[in-house]
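Worksheet for the structure shown next.
Since we're looking at a predicted model, the values are computed, not measured. Residue numbers start from 1 in every chain, and the chains themselves are labelled A, B, ... in the order their sequence lines are given, proteins ahead of strands.
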Amino acid sequence: MSEKVRTRFAPSPTGYMHIGNLRSALYGYLFAVKNGGDFILRIEDTDQNRYVDGAVQIIYDTLADAGITYSEGPDKGGDYGPYMQSERKEIYMEYAKKLIEKGAAYYCFCTPERLASMKDTSVSDSNGVTRYDKHCLSLTQEEIEANLKAGIPFVIRQNIPAEGKGTYEDMVFGEVSVDYKDMEDGILIKSDGMPTYNFANVVDDHLMRINYVIRGVEYLSSTPKYNLMYDAFGWERPHYMHLSPVMKDAQHKLSKRNGDASYQDLVAKGYVKEAILNYIALLGWAPKDNSEKMTLAEMAEKFSVDGLSKSPSIYDEAKLRWLSGEYMKDMSEDEFLRRAEPFFAKTEAYGKYDLNLLCKLLKTRIETFGDIPEKISFLESFGPFAPSLYDNKKQKCNADAARTILPKLRLAMEGWDDYSNAALYEKLVAFAAENGVKNGQVLWCLRIAITGTAVTPGGASEMAELLGKERTLARLDQAIAWLA
RNA sequence: GGCUCCUUGGUCAAGAGGUUAAGACAUCGCCCUUUCACGGCGGCAACAUGGGUUCAAUUCCCGUAGGAGUCACCA
């Protein structure tokens, strides 16, 4: 690799950034960084019918948020722009004409009607698949010029050889070979003058000096067509790295259409964003040393093509949850609070409790920030609950025990002033000893009494500290009343 | 259906002729423990299938099955 590596991410602005999309971007970025190369962004918006408002912005925002930086792009400029395909219309037409001169492409004036009729009649191969019959390839120069002059709508098609096969070496799949007879003379320039992806990607990748083309497997078998064009132009073919897809299950690709998670959905759901990126990197790729939790820089350092898998990978949110939780545990208290606060802000309890304490309690108990509301719902909803909640065999606790312990405890706790966890715990244990009952009994009864919940993000003393003296006593009164 | 490609536990995946076939998630159990978590320890669980090649195939070749992609004036 003497030449400087240049890779690109070339999404079309049709909506959200899918996990698979982001992963392609990530791999292109990692490969470039690993090899000291450039990573650029190009927007493929040649299909005005599919253009979605705001989609370009989503692409910028997502990449920025994920930390995938590019040195050239529509919003950053660069030496090989414009980086928005719709702004390169003339360039494509110019190159298409060059291809016509070389005999690698030709004008086609066939009407949609004629094309449709081909499907109805028997102009199809033995498999029943209709392919363009190269009808316009036999037009004379005079006929072509006359048609052009008459303003008859046209399209430019690639002239694919009738025989032979296109072979190339893919970096992940190895040798890929496709017979030319199985390829159609695809449209390069549409009747609106815009290029199709099949043509634009070749011209742009060459003009932008992209030497490593990293994209989804959907292009694996059409790549020989592109190579035909590189060859016709006399351009050097790039290296190709095709990526297997991310699946929702064994037979369905992940897609926004099915309501599957996009990057922004996952962020909104409270997953740690570094974990999202880390996880999708692991979907279809494994570093040599099998590391799992890695920073972006570490991923770039460890990135290697032979770690890429050839088969589709199924997206598993359970593992993403786990990774997200791991990132949380490694966060500093401040960092955790900073990121968690927006999620606390959406709850009723926000502002009424010690946020630092809440964060400390929740940090090892949640995996996404979205878990927060449910974990702290007991703070705001406290109502009559079943006495059976006091039942706990291991702690030798039940409603009867609660009925005898709680009133005494209520009295004692009224006299305590230090409601810090440590002080409370010490006094609660002392209380148990004085009354000749097990620690667990006192602790369990108290926790249930003041939270009304079987599972809480902390023990009795921690919950009492969180609630504070006033609320603790008030809840104790209510709990005692509900037991009567 | 044709073509291109793929196939290790439920999932992500190491391994590339000879291994007790890693590890992680999930799951189950135990320990720790003021519930739940965290942490620690352990269990269950895989080379799709049939033929070759070879002293030896999960690993190489062929077939079969299953899966993915593609066959647009979409990318």
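Salt bridge A:Lys293/A:Asp330: present, at least one basic N to carboxylate O contact under 4.0 Å.
Base engagement by A:Val155 is indicated by at least one non-hydrogen atom pair under 4.0 Å involving a base atom. Residue-level contact check: A:Met194 touches neither bases nor backbone, having no heavy atom under 4.0 Å from any strand. Residue contacts for A:Gln85: at a heavy-atom cut-off of 4.0 Å it reaches no nucleic acid atom on any strand shown. Residue A:Lys253 is classed as a sugar-phosphate contact, given heavy-atom separations below 4.0 Å to backbone atoms only.
Distances were taken from every side-chain heavy atom of A:Asp47 (C-beta onward) to each of B:C73, B:C74, B:C25; the shortest belongs to B:C74. Side chain of A:Ile187, nearest nucleotide from B:A75, B:C73, B:A68: B:C73. Proximity note for A:Thr46 (side chain, C-beta onward) versus B:C73, B:C71, B:A75: the nearest is B:A75.
The distance between the ring centers of A:Phe385 and A:Tyr390 falls below 6.0 angstrom. Aromatic rings from A:Phe9 and A:Tyr70 are positioned such that their centres are separated by 6.0 Å or more.
Defined by atom type and a distance below 3.5 Å, a donor-acceptor pair is missing between the side-chain atoms of A:Tyr425 and A:Glu465. In summary, the side chains of A:Asp316 and A:Tyr279 do not present any donor paired with an acceptor at a separation below 3.5 Å, with no hydrogens or angles considered.
Stem analysis of RNA chain B (at least three stacked-register Watson-Crick or G-U pairs, each with both distances under 3.5 Å) gives B:1-7 with B:65-71, B:10-12 with B:23-25, B:27-31 with B:39-43, B:48-52 with B:60-64.
Taking the ring centre of A:Tyr168 as origin, the terminal cationic atom of A:Arg237 falls outside the region bounded by 6.0 Å and 45° from the ring axis.
Judged by distance alone, with hydrogens and angles left aside, the side-chain atoms of A:Thr404 form a donor-acceptor pair with the main-chain N or O of A:Ala401 at under 3.5 Å.
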Next item on the list: Would you give a per-nucleotide map of nucleotides 32-39 of chain B, 5' to 3', where B means the base has a protein non-hydrogen atom under 4.0 Å away, S means only the sugar-phosphate does, and - means neither?
Entry: -BBBBBS-
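A donor-acceptor contact under 3.5 Å links the side chain of A:Ser191 to the base of B:C73.
In this model, the phosphate group of B:A75 is approached by a side-chain N or O of A:Lys190 to a distance below 4.0 Å at OP1 or OP2.
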Pairs under 3.5 angstrom, nitrogen or oxygen only, protein versus nucleotides 8-13 of chain B, please.
{"unit_1": "B:C12", "atom_1": "OP1", "unit_2": "A:Ile314", "atom_2": "N", "d": "2.9"}
{"unit_1": "B:C12", "atom_1": "O2'", "unit_2": "A:Leu282", "atom_2": "O", "d": "3.0"}
{"unit_1": "B:A13", "atom_1": "OP1", "unit_2": "A:Gly284", "atom_2": "N", "d": "2.4"}
{"unit_1": "B:A13", "atom_1": "OP1", "unit_2": "A:Ser313", "atom_2": "OG", "d": "2.5"}

